[in-house]
Amino acid sequence: MRDTPTPMDPRGLPHVTPPAIRLFNTMTMQKELLQPAIPGEVGVYVCGPTVYSYIHIGNARTFTSFDVVVRYLRHRGLKVRYVRNFTDVDDKIIKAAAETGEAPVELAARYVEIFREDTRALHLLEPDFSPRVSDHLPEIIAIIQKLVDKGHAYASQGDVYFSVSSDEDYAKLSKRNLDELCVGERVQPGEQKREPLDFALWKAAKPGEPAWESPWGPGRPGWHIECSAMSAKYLGETFDIHGGALDLIFPHHENEIAQSESANGVTFARYWMHCGFLDLEGAKMSKSLGNVVRLRDALTKVDPEALRFFFLATHYRHPLSFSDKALADAETRMEYFYETLRKVDERISGKDFGKGPLHGDPQRFFTEFESAMDDDFNTAGGLGSLSGLFGMMNELTDKPPVKDKALVGRTLHALREDVRRVSSVLGLFEDAPDAWLLRRRERAVRERGIDVAEVERLLGERTAARAAKDFAAADRVRSELKEKGVEIMDTPAGTTWKVAPLQG
RNA sequence: GGCGCCAUAGCCAAGUGGUAAGGCAAAGGUCUGCAAAACCUUCAUUCCCCGGUUCGAAUCCGGGUGGCGCCUCCA
């Protein structure tokens, strides 16, 4: 409930480290101060994709949220070990493979590559470890054996089940009433469970299914056990942060806890982070409704960083609604940011303004940003402080309030450095401004069917007219282009153009 | 039925006990040959409703109303 007081050193000065990062722990349903098991180091495990299809924008939101968590922890000086698994052995993969005629491993490997392309396009960091189930059968079998030996699991006709009644802490994460759970559960035909709540650790292979040898006969792991096995291998039996989307709380994460803590006798993950769902303007996105939006399709219409901005503009635990309007807003905002950066870079790049004081208090924006991020990774709040930062850059560039050019230059330089730090945390502004702006214009040109050659020709006519002071003719060109959706901009460096925003 | 979340301006969205961030849209202004961009100003006496606690509540408590999620594979 209460924050740990800031530690004091013998001189009575507060320590600068560790940073006071607070995060909402699903286990306690409260924000807690992050105190890693090993000071200065954080182990993070995020449930990765089941590789049987393309990932959708909901997956993308989750992975972007944790991408920023990892980036921020690193920014704060913590040594992060980041693990995100691939579930490449699974019923859905077997089913998908049967439909395409591929071998399940082949199909899974193909979608691993597709996933990597998609996540790279979204500027997601590559985790330090991306373990696959198919590479960890020995570890998985070992932990199942341990559970059987300790009496927490039992074999039954080639299957192995976890005995939920053997774990008195079961459901502590999802806070469910076990009696209530029993009502909805049903023993499926062919399953050899003792009790309805028991879940499979190992599934005996049916003819033709991929199978690995085990003490219980040929088969494959159940869904939940892989995370228990692989997290322990890469992060240890106890580690700091385990993340995923809300729907994984039950049963997946609950079952991971049951498995790991029953097998190891120690606390599994110390902090549980879950991010909210994304919907389509209020409608649930689901395969049955056939309205799933693939990340890769979304990225043909929206800039990757604009999509990240859209995700990050809402708190990670809150629901988020995907819409054309919201995406357009995000792109408009990104264009503002990049226009500003282009101007600032033009002004300061390659110049040395010497050492000395700065104008005003330019550091305050980044301080605000960090305060917001310290408070449960409040990216939406942090993004708000960027308005002041970019506003000040524009002011200093376009109408500096002081004459001292070195002072202005130094201040701009400091602000630009803060943008770089924000960039490393949010994965925004990673492109060269000119390149980003040009790319956006090209996409708009394609979408609106604008004839670039004609635009350039008309622009030439207008430049000639302006040189001859024939402003009536110049304005005729301006309105003609405006009707085609092209906005002309006269700058000190010459005339450029952009695609005007659509009305309404 | 069980567990949990949410309700802030036309729209999006922070803030969770000290007197309403930010963005989009809109209006006016500065700048400009005219524009665009940028900058400035305006835009919620008020945070779904009703009670309560408090010197003080959008923030806490109780009761409504309206959305939503999970409880089965689901990010």
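Each chain gets a letter, A, B and so on, in the order the sequences are listed, and its residues count up from 1.
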(message) Taking A25(B) as the reference, what is the distance to U16(B) when you measure between their P atoms (whole Å, please)?
(response) 28 Å

Distance-only donor-acceptor pairs under 3.5 Å for side chains of residues 88-95 of chain A, two or more places apart:
unit_1: D88(A); atom_1: OD1; unit_2: V133(A); atom_2: N; d: 3.2
unit_1: D88(A); atom_1: OD1; unit_2: S134(A); atom_2: N; d: 3.0
unit_1: D88(A); atom_1: OD2; unit_2: S134(A); atom_2: OG; d: 2.6
unit_1: D90(A); atom_1: OD2; unit_2: K92(A); atom_2: N; d: 2.6
unit_1: D91(A); atom_1: OD1; unit_2: R220(A); atom_2: NE; d: 3.2
unit_1: D91(A); atom_1: OD1; unit_2: R220(A); atom_2: NH2; d: 2.5
unit_1: D91(A); atom_1: OD2; unit_2: K203(A); atom_2: NZ; d: 3.0

(request) Give none if G51(B) has no partner; otherwise give the nucleotide forming a Watson-Crick or G-U wobble pair with it, both distances under 3.5 Å. (result) C61(B)

(request) Could you measure between the two P atoms, the one in C47(B) and the one in G4(B), and give it in whole Å? (result) 28 Å

(request) Could you tell me whether I55(A) contacts a base, only the sugar-phosphate backbone, or nothing, with contacts defined as non-hydrogen atoms closer than 4.0 Å? (result) nothing

(message) When both hydrogen-bonding distances must be under 3.5 Å and the geometry is Watson-Crick or G-U wobble, what is A26(B) paired with, if anything?
(response) U42(B)

(message) Which nucleotide, if any, forms a Watson-Crick or G-U wobble pair with G1(B), using both distances under 3.5 Å?
(response) C71(B)

(message) Check for me whether R333(A) meets the cation-pi criterion with F309(A), that is, NZ or CZ under 6.0 Å from the six-membered ring centre and within 45 degrees of the ring axis.
(response) no

Between N or O atoms, less than 3.5 Å apart, protein on one side and nucleotides 17-19 of chain B on the other: list the pairs.
none

(message) Does V44(A) form a side-chain contact (heavy atoms from CB on, under 4.5 Å) with V69(A)? I'd like the steps, not just the answer.
(response) CA-CA 9 Å; V44(A) 179; V69(A) 167; 5.5 Å; no

(request) Would you state whether a donor and an acceptor, one from the side chain of H318(A) and one from the base of A13(B), lie under 3.5 Å apart? (result) no

(request) Would you tell me whether W223(A) and N255(A) have side-chain atoms, one donor and one acceptor, within less than 3.5 Å of each other? (result) no

(message) Without decimals, in angstroms, what is the distance between R317(A) CZ and C70(B) P?
(response) 18 Å

(request) Any strand is fair game: report the nucleotide pairing with G33(B) by Watson-Crick or G-U wobble, both distances under 3.5 Å, or none. (result) none

(request) Step through it carefully: locate the ring centre of Y111(A), locate the ring centre of Y54(A), and say whether they are under 6.0 Å apart. (result) yes

So which protein nitrogen or oxygen atoms get under 3.5 Å of nucleotides 32-41 of chain B's nitrogens or oxygens?
unit_1: G33(B); atom_1: O6; unit_2: R462(A); atom_2: NH2; d: 3.1
unit_1: G33(B); atom_1: O6; unit_2: R466(A); atom_2: NE; d: 3.1
unit_1: G33(B); atom_1: N1; unit_2: D475(A); atom_2: OD1; d: 3.0
unit_1: G33(B); atom_1: N2; unit_2: D475(A); atom_2: OD1; d: 2.7
unit_1: G33(B); atom_1: N2; unit_2: D475(A); atom_2: OD2; d: 2.4
unit_1: C34(B); atom_1: O2; unit_2: D475(A); atom_2: OD1; d: 3.4
unit_1: C34(B); atom_1: O2; unit_2: R478(A); atom_2: NE; d: 3.0
unit_1: C34(B); atom_1: N3; unit_2: R478(A); atom_2: NH2; d: 3.1
unit_1: C34(B); atom_1: N4; unit_2: D490(A); atom_2: OD2; d: 2.8
unit_1: A35(B); atom_1: O2'; unit_2: R478(A); atom_2: NH1; d: 3.4
unit_1: A35(B); atom_1: N6; unit_2: D490(A); atom_2: O; d: 3.3
unit_1: A35(B); atom_1: N1; unit_2: D490(A); atom_2: N; d: 2.8
unit_1: A35(B); atom_1: N3; unit_2: R478(A); atom_2: NH1; d: 3.3
unit_1: A35(B); atom_1: N3; unit_2: R478(A); atom_2: NH2; d: 2.8
unit_1: A35(B); atom_1: N3; unit_2: I488(A); atom_2: O; d: 3.3
unit_1: A38(B); atom_1: O3'; unit_2: N394(A); atom_2: OD1; d: 3.4
unit_1: A38(B); atom_1: O2'; unit_2: D398(A); atom_2: OD2; d: 2.8
unit_1: C39(B); atom_1: OP1; unit_2: Y336(A); atom_2: OH; d: 2.7

(message) For the backbone of R462(A) and the side chain of R478(A), can you confirm whether one donor and one acceptor N or O come within less than 3.5 Å of each other?
(response) no

(message) Side chains of D198(A) and S163(A) only: does a donor on one sit below 3.5 Å from an acceptor on the other?
(response) no

(request) Tell me what A326(A) touches on the nucleic acid: a base, only sugar-phosphate, or nothing, going by heavy atoms under 4.0 Å. (result) nothing

(message) Using heavy-atom distances to pick each residue's nearest nucleotide on RNA chain B, tell me which of G282(A) and P251(A) is more 5'.
(response) G282(A)

(request) Would you indicate what H252(A) reaches in the nucleic acid, counting non-hydrogen atoms under 4.0 angstrom: base, sugar-phosphate, or nothing? (result) nothing

(message) Assuming nearest nucleotide by heavy-atom distance, tell me which of L248(A) and K284(A) is located more 5' along RNA chain B.
(response) K284(A)

(message) From CG of L320(A) over to P of A13(B), roughly how many Å is that when rounded to an integer?
(response) 7 Å

(request) Cation-pi check, R440(A) to Y338(A): give yes when NZ or CZ is under 6.0 Å from the six-membered ring centre and within 45° of the ring axis, no otherwise. (result) no

(message) Please give the distance between the P atoms of C40(B) and G23(B) as a whole number of Å.
(response) 9 Å

(request) Scan every strand shown for a Watson-Crick or G-U wobble partner of U16(B), both distances under 3.5 Å, and answer none if you come up empty. (result) none

(message) What's the gap between A37(B) and A26(B) when it is taken at their P atoms, as a whole Å value?
(response) 11 Å

(message) Using atom P in both nucleotides, what's the gap between A38(B) and G67(B) to the nearest angstrom?
(response) 40 Å

(request) Give the C-alpha distance, both sets of side-chain angles, the deciding distance and a yes or no for side-chain contact (heavy atoms from CB on, under 4.5 Å) between L481(A) and L459(A). (result) CA-CA 9 Å; L481(A) 281 169; L459(A) 234 45; 3.8 Å; yes

(request) Kindly confirm or rule out a cation-pi arrangement of R176(A) over F250(A), judged by NZ or CZ under 6.0 Å from the six-membered ring centre and within 45° of its axis? (result) yes

(request) Can you tell me the distance, in whole Å, between the CG atom of L278(A) and the P atom of C68(B)? (result) 16 Å

